[in-house]
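Scroll down for the structure; my scribbles are underneath it.
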Amino acid sequence: ATAATAEATVAPPTVACVAPGPEEMDALLETSLLQALSRSVKDDDLPMPGSQLWANHMLPCRPAGVMLDVKKSRHRKMGKFLQAYGGKRGLLTLKEDRSSGDAVVMSVDRRHQLLNDFRPLAIRLTAAGALA
């Protein structure tokens, strides 16, 4: 009886309370970016400021129940995060908006291996789908 009482009083582990480290946040950001590029961002939407990509596409496309925070990633800033997928990596073509300093996505290489290898989440498993 004592063992059963002790088991009943032990609180279940809460994974949600553990903040993801920079590597985990990087992976969540990449998943959200690729989900947004594959499901939400259309070529007709481009060029698009990075802030708009974040608010209108990446946040709704993140896995349900996940909080994204670029500041908790290795990149620390949205522009740096997007630059990691531009340049030599070649997924995004970027330009800097001189007045705001915001990175602007000019184009997406839809044939890029990262995007082709990505398997999108079902809409119901994303933050936007969880609200529907």
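We count residues from 1, following the sequence as given.
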Exercise. With hydrophobic residues grouped by side-chain heavy-atom distances under 4.5 Å, do Val104 and Met78 end up in a single group?
Worked result: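 Not linked; separate clusters.
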Are [X] and [Y] close enough that some pair of their side-chain heavy atoms sits under 4.5 Å apart?
X: His112; Y: Tyr85; answer: no
X: Pro63; Y: Ser32; answer: yes
X: Leu34; Y: Leu91; answer: yes
X: Val105; Y: Thr93; answer: no
X: Leu114; Y: Asp109; answer: no
X: Pro22; Y: Ser73; answer: no

Problem set entry | Donor-acceptor contact below 3.5 Å, side chain Arg110 vs main chain Leu37 | yes
Exercise. Quick check: does any side chain N or O of Arg124 sit under 3.5 Å from a backbone N or O of Leu121, one acting as donor and the other as acceptor?
Worked result: no
From [X] [atom1] over to [Y] [atom2], what is the distance, rounded to the nearest 0.5 angstrom?
X: Ser40; Y: Asn56; atom1: OG; atom2: CG; value: 8.0 Å
X: Lys95; Y: Met106; atom1: NZ; atom2: CE; value: 5.0 Å
X: Arg39; Y: Gln35; atom1: CZ; atom2: CD; value: 6.0 Å
X: Met25; Y: Met67; atom1: CE; atom2: CE; value: 9.0 Å

Problem set entry | side-chain contact (heavy atoms from CB on, under 4.5 Å) assessment of Leu92 paired with Ser107 | CA-CA 6 Å; Leu92 304 174; Ser107 66; over 6 Å; no
Shortest non-hydrogen contact between [X] and [Y], atoms and distance:
X: Lys77; Y: Val70; value: C-CG1, 3.3 Å
X: Trp54; Y: Pro60; value: O-CD, 4.4 Å
X: Pro49; Y: Asp102; value: CB-OD2, 3.3 Å
X: Asp97; Y: Ser99; value: OD1-OG, 2.7 Å
X: Leu59; Y: Arg62; value: O-NH1, 2.6 Å
X: Met58; Y: Leu68; value: O-CD1, 4.2 Å

For this session: Any chance you could lay out the salt bridge (Lys or Arg N to Asp or Glu O under 4.0 Å) test for Arg89 and Glu30, step after step, and finish with the verdict?
Result: CA-CA 13 Å; Arg89 200 122 181 233; Glu30 180 173 288; 3.7 Å; yes
Is the [atom1] atom of [X] crowded by more than 12 outside heavy atoms at less than 6.0 Å?
X: Gln113; atom1: CD; answer: no
X: Lys42; atom1: NZ; answer: yes
X: Arg74; atom1: CZ; answer: no

For this session: Check the pair Phe118, Thr31 against side-chain contact (heavy atoms from CB on, under 4.5 Å), reporting the backbone distance first and the verdict last.
Result: CA-CA 8 Å; Phe118 179 70; Thr31 297; 4.2 Å; yes
